[in-house]
Amino acid sequence: MHPLLRSNRRPDHPLPAPTRRSPDMSADRPGRLGVGTIGAGRVGAVLASALAGAGHALTGIAAVSDESRERAATMLPSVPVLPIPEIIERSELVLLAVPEAELGPLVAGLAEAGAWQPGQLVLHTVARFGTGVLDPARLAGAIPLAVHPAMSFTGTSIDLARLPGTWFAVTAPAPVLPIGQALVVEMGGEPVIVAERDRAAYGEAIDTAVSFSSAIVDQASGILDGIGVARPGAVLAPLVRSAVENALARHDRGAYAEGADTIDEADSDWPLGGGA
């Protein structure tokens with residue numbers, strides 16, 4: 001059983017009974033969703049906060065480790081920590097921000113438990129997976145969305161300032177693709193459509209960018225530290241940033257927003273790293 005499914009922590013204060021609404025609107029606030037978050041890691045807490053900032057209601061968050069509970073309390077102080085089944089029952093949009101290896105078993109386990117609701121939006125943030133990994137939820141009537149922000153997360157409020165202009169890979173069935181794109185825009189991001197068949201290649205590109213850039217910085221910093229250079233990170237920072245920007249500029253091709261010919265003119269910079 002997935003560790004999150006074993007979490008039985010109850011809220012410290014009673015909550016109103018859940019109301020069943022269609023996932024497209026609430027009566028008093030058209031287009032607003034009740035959003036439940038499973039996983040209070042560096043990505044989940046930040047995206048939940050961004051969605052709350054766009055006007056969506058956060059129904060609850062699932063957090064197991066002390067670190068994730070602390071992050072949830074800091075980033076989402078008014079959001080109760082709840083068991084996963086209760087979060088799903090209360091939510092029109094379920095945000096699955098869990099590690100890649102845990103996503104499939106979690107989705108399947110919840111399907112076996114009959115937790116998914118027809119018409120419910122289910123969104124995961126793993127780079128290399130499209131919506132196929134959500135098939136157990138889809139077969140139960142849920143609407144699958146795969147949305148990955150191409151950004152390296154700290155899990156703090158710093159990330160909220162970095163989200164505007166960040167590119168998000170969006171994969172979804174054609175009829176609901178605009179929903180995924182709209183959610184990205186609401187978080188301040190720029191949606192880029194990645195086909196289901198291309199998600200593995202996209203994930204490989206993200207992993208390569210993150211691991212390579214981290215390894216190079218670590219290696220160069222270690223060499224400078226070895227010869228007695230104080231604060232090697234600060235010394236390398238301007239060089240690394242300019243080198244990366246120059247390299248990215250060489251690959252600044254393709255279609256952007258109407259009237260924009262480059263990423264810069266589209267009012268966005270391709271962010272370093274990736275977060276799943």
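Heavy-atom basis, side chains included; hydrogens, waters and symmetry copies ignored. Predicted, not measured: the structure shown is a model, and the values here were computed from it.
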Nearest 0.5 Å please: distance from the OG atom of Ser91 over to the CG atom of Leu82.
8.5 Å
Under 4.0 Å between a side-chain nitrogen and a carboxylate oxygen: does that hold for Glu86 and Arg90?
yes
With side-chain contact (heavy atoms from CB on, under 4.5 Å) as the test, would you mind laying out the steps for Val170 and Val184 before giving the verdict?
CA-CA 8 Å; Val170 180; Val184 169; 3.8 Å; yes
Arg69 bridged to Asp66 by N-O distance under 4.0 Å
no
Is it possible for you to say whether Ile158 and Leu163 belong to one hydrophobic cluster, with membership spreading through side-chain heavy-atom contacts below 4.5 Å?
no
side-chain contact (heavy atoms from CB on, under 4.5 Å), that's the test. Do Ile193 and Gln181 meet it? Break it down for me.
CA-CA 8 Å; Ile193 299 172; Gln181 293 171 299; 3.6 Å; yes
Check: Arg71 side chain, Ala40 main-chain N or O, donor-acceptor pair, under 3.5 Å:
yes
Return the minimal non-hydrogen interatomic distance between Pro149 and Phe168, and the atom names on each side.
CB-CE2, 3.4 Å
Could you tell me whether the side chain of Arg128 and the main chain of Ala201 form a donor-acceptor pair under 3.5 Å?
no
So, does His56 use its side chain to make a donor-acceptor pair with the main chain of Leu33 at under 3.5 Å?
yes
Applying side-chain contact (heavy atoms from CB on, under 4.5 Å), run through Val244 and Arg241 and close with a yes or a no.
CA-CA 5 Å; Val244 170; Arg241 290 192 184 106; over 6 Å; no
Reference residue Leu96; test side chain to side chain contact (heavy atoms under 4.5 Å, CB included); the match among Leu134, Leu123, Leu145, Thr37
Leu134
Only distances under 3.5 Å count here; give the side-chain donor-acceptor pairs of residues 215-222 to other protein atoms, sequence neighbours excluded, each with its distance to 0.1 Å.
unit_1, atom_1, unit_2, atom_2, d
Ser221, OG, Val217, O, 2.8

Any donor and acceptor pair, going by atom type alone, linking the side chain of Trp116 with main-chain N or O of Val107 inside 3.5 Å?
yes
Quick one: do the Glu196 and Thr131 side chains pair a donor with an acceptor below 3.5 Å?
yes
Does the side chain of Ile88 reach to within under 4.5 Å of the side chain of Leu110, using non-hydrogen atoms?
yes
Identify, with sequence neighbours excluded, every residue that meets side chain to side chain donor-acceptor pair (under 3.5 Å) alongside Arg42.
none
Are the charged groups of Arg32 and Glu92 less than 4.0 angstrom apart, N to O?
no
What are the two closest heavy atoms between Ala72 and Ile61, and how far apart are they?
CB-CG2, 4.1 Å
